[in-house]
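Structure first, then comments.
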Amino acid sequence: MTGAFEIKDNVLIKYHGKENYIMIPDGVTRIGEYAFCDRKNLCMGIMQIKGVYIPEGVVSIGHSAFRNCWNLERVSLPESLVRIESFAFAQTGLKEIILPDGIRQFQGDTFQGCYHLEKVSYHGVTFSHRELWMNANYRMAVIIKSLRTDKVPAMEMLLKTGQEQAVIQSYEKFISRKNIDRLIRVAIEQKAHELQLILTDYKYQHFKFQNPADKLKL
């Protein structure tokens, strides 16, 4: 035990305290499953928790770690984090979350039932979690993976859920010389006309393609 924290082999097993705002101790590398909720009592979370600071060095957050901590509004995630397991923050009061760029394993149900969660940011792109939940084809895990690898599917999914402005605000995060034509095609297919113009202009201004409009100039 380290104060209110039950820690074994650098794994936070259980929190037994009564604080509203928690700083997880340095040296912890993993937050274990059900660390902040009672799996034997319908996964009832610790109600008084409002904010959690997770230090650098933590690489994973276990299944249902903060599940049903209904009043949890703020979480600071470390850049060292690479894995967040299923339902880790399900049914919490989170309003906004910034995922570190190092995330490699992420489950689409991590934020299930987070009805107050408005914004999710990853790799410099901020999108509406609410809009994704309202869309039947929502798969956050696909967006997260695509933003890390091939960004075209991520942009397409965001456009399908009505988030053209989210893409426009960070359009340079999606663009490469290799994918610019694919991005323009997606914008055309999704009838995202403002984005189409922005991407087309970017292509000719930054990648030195010849603009067909130039041929019409006298």
Side-chain angles (χ1 to χ4, degrees), residues 1-123 126-130 132-133 138-145 147-148:
M1 293 284 291
T2 303
F5 299 94
E6 182 180 344
I7 300 171
K8 182 178 180 180
D9 297 329
N10 298 324
V11 179
L12 174 54
I13 305 297
K14 206 72 177 175
Y15 175 71
H16 300 282
K18 297 182 179 180
E19 299 295 325
N20 298 125
Y21 296 94
I22 298 168
M23 294 186 65
I24 291 174
D26 290 333
V28 170
T29 58
R30 293 193 294 124
I31 298 175
E33 59 180 22
Y34 303 97
F36 291 82
C37 77
D38 184 359
R39 68 185 303 179
K40 296 180 180 179
N41 184 22
L42 300 176
C43 292
M44 183 61 67
I46 300 175
M47 293 298 101
Q48 81 271 10
I49 297 177
K50 296 181 179 180
V52 176
Y53 171 79
I54 302 175
E56 289 297 329
V58 173
V59 297
S60 69
I61 300 175
H63 184 286
S64 299
F66 295 92
R67 189 172 185 172
N68 290 329
C69 292
W70 297 334
N71 294 309
L72 176 59
E73 296 182 352
R74 297 181 181 180
V75 172
S76 176
L77 301 178
E79 288 300 317
S80 57
L81 190 65
V82 296
R83 183 172 69 252
I84 306 179
E85 298 182 5
S86 292
F87 304 109
F89 294 100
Q91 303 289 345
T92 59
L94 289 175
K95 297 179 179 180
E96 184 174 356
I97 193 77
I98 300 175
L99 297 173
D101 288 352
I103 286 289
R104 292 294 179 268
Q105 296 183 39
F106 179 88
Q107 305 301 320
D109 51 15
T110 292
F111 300 110
Q112 186 178 79
C114 292
Y115 302 115
H116 300 288
L117 183 56
E118 291 287 347
K119 296 179 180 179
V120 176
S121 298
Y122 180 64
H123 265 277
T126 299
F127 49 91
S128 167
H129 180 264
R130 182 181 296 274
L132 289 172
W133 268 110
Y138 158 58
R139 286 188 66 193
M140 182 184 283
V142 174
I143 291 178
I144 298 302
K145 180 179 179 180
L147 284 173
R148 192 177 71 247

Problem - Residue D9 excluded, over 12 heavy atoms near CG under 6.0 Å - result: no

Exactly one candidate in L12, V75, L77 meets side chain to side chain contact (heavy atoms under 4.5 Å, CB included) with I61; the answer is L77

The side-chain contact (heavy atoms from CB on, under 4.5 Å) partners of R130 (sequence neighbours excluded) come to E118, S128, M134

Taking everything shown except R74 itself, do over 12 heavy atoms lie less than 6.0 Å from its CZ? no

Applied to residues 75-86, the salt bridge (Lys or Arg N to Asp or Glu O under 4.0 Å) test, sequence neighbours excluded, yields R83-E85

Check: residues 43-53 side-chain donor-acceptor pairs under 3.5 Å, at least two apart:
from	atom 1	to	atom 2	distance (Å)
Q48	NE2	G17	O	3.1

Sorted by chain and number, sequence neighbours left out, side-chain hydrogen bond (donor to acceptor under 3.5 Å, both in side chains) with T110 holds for none

Is any side-chain heavy atom of Y122 closer than 4.5 Å to a side-chain heavy atom of R148? yes

Contacts of V142 meeting side-chain contact (heavy atoms from CB on, under 4.5 Å) (sequence neighbours excluded), chain-then-number -> R139, S146, M157

When rounded to the nearest 0.5 Å, the distance separating CZ of F36 from OG1 of T92 is 13.0 Å

All heavy atoms of N10 vs all of G27, minimum pair found to be OD1-O, 3.3 Å

Note: F127 and I144 closest approach over all heavy atoms is CZ-CD1, 4.3 Å

Counting only heavy atoms not in E19 (residues, nucleotides, ligands), do more than 12 fall under 6.0 Å from its CD? no

When rounded to the nearest 0.5 Å, the distance separating CD1 of I143 from CG of L132 is 4.5 Å

Output for pair (R67 CZ, Y34 OH), nearest 0.5 Å, gives 6.5 Å

Between K14 and A4 (side chain of the first, backbone of the second, donor and acceptor by atom type, cut-off under 3.5 Å), is there such a pair? no

S121 meets the side-chain hydrogen bond (donor to acceptor under 3.5 Å, both in side chains) criterion, sequence neighbours left out, with T126

One should read off an interatomic distance between E56 CD and S80 OG, to the nearest 0.5 angstrom, of 4.5 Å

By side-chain contact (heavy atoms from CB on, under 4.5 Å), S86 pairs with (sequence neighbours left out) H63, Q107, D109

Value for CG (L99) from CE (M140), rounded to nearest 0.5 Å, stands at 7.5 Å

L117 meets the side-chain contact (heavy atoms from CB on, under 4.5 Å) criterion, sequence neighbours left out, with L94, I97, F111, C114, V120, H129

In short, L81 meets P100 closest at the heavy-atom pair CB-CG, 3.9 Å

_Evaluate Y115 against Q91 for side-chain contact (heavy atoms from CB on, under 4.5 Å), listing each step before the verdict._
CA-CA 8 Å; Y115 302 115; Q91 303 289 345; 4.3 Å; yes

Taken to the nearest 0.5 Å, the spacing of I31 CD1 from F66 CZ works out to 4.5 Å

Closest non-hydrogen contact found for G62 with A88 is O-CB, 3.7 Å

In short, salt bridge (Lys or Arg N to Asp or Glu O under 4.0 Å) pairs touching residues 31-46 with sequence neighbours left out are E33-R39

Query - Step-by-step side-chain contact (heavy atoms from CB on, under 4.5 Å) determination, V59 to R30 - result: CA-CA 6 Å; V59 297; R30 293 193 294 124; 4.1 Å; yes

Smallest heavy-atom separation, C37 atom then S64 atom, equals SG-O, 3.3 Å

Heavy atoms of A141 and G108 approach each other most closely as CB-N, 3.7 Å

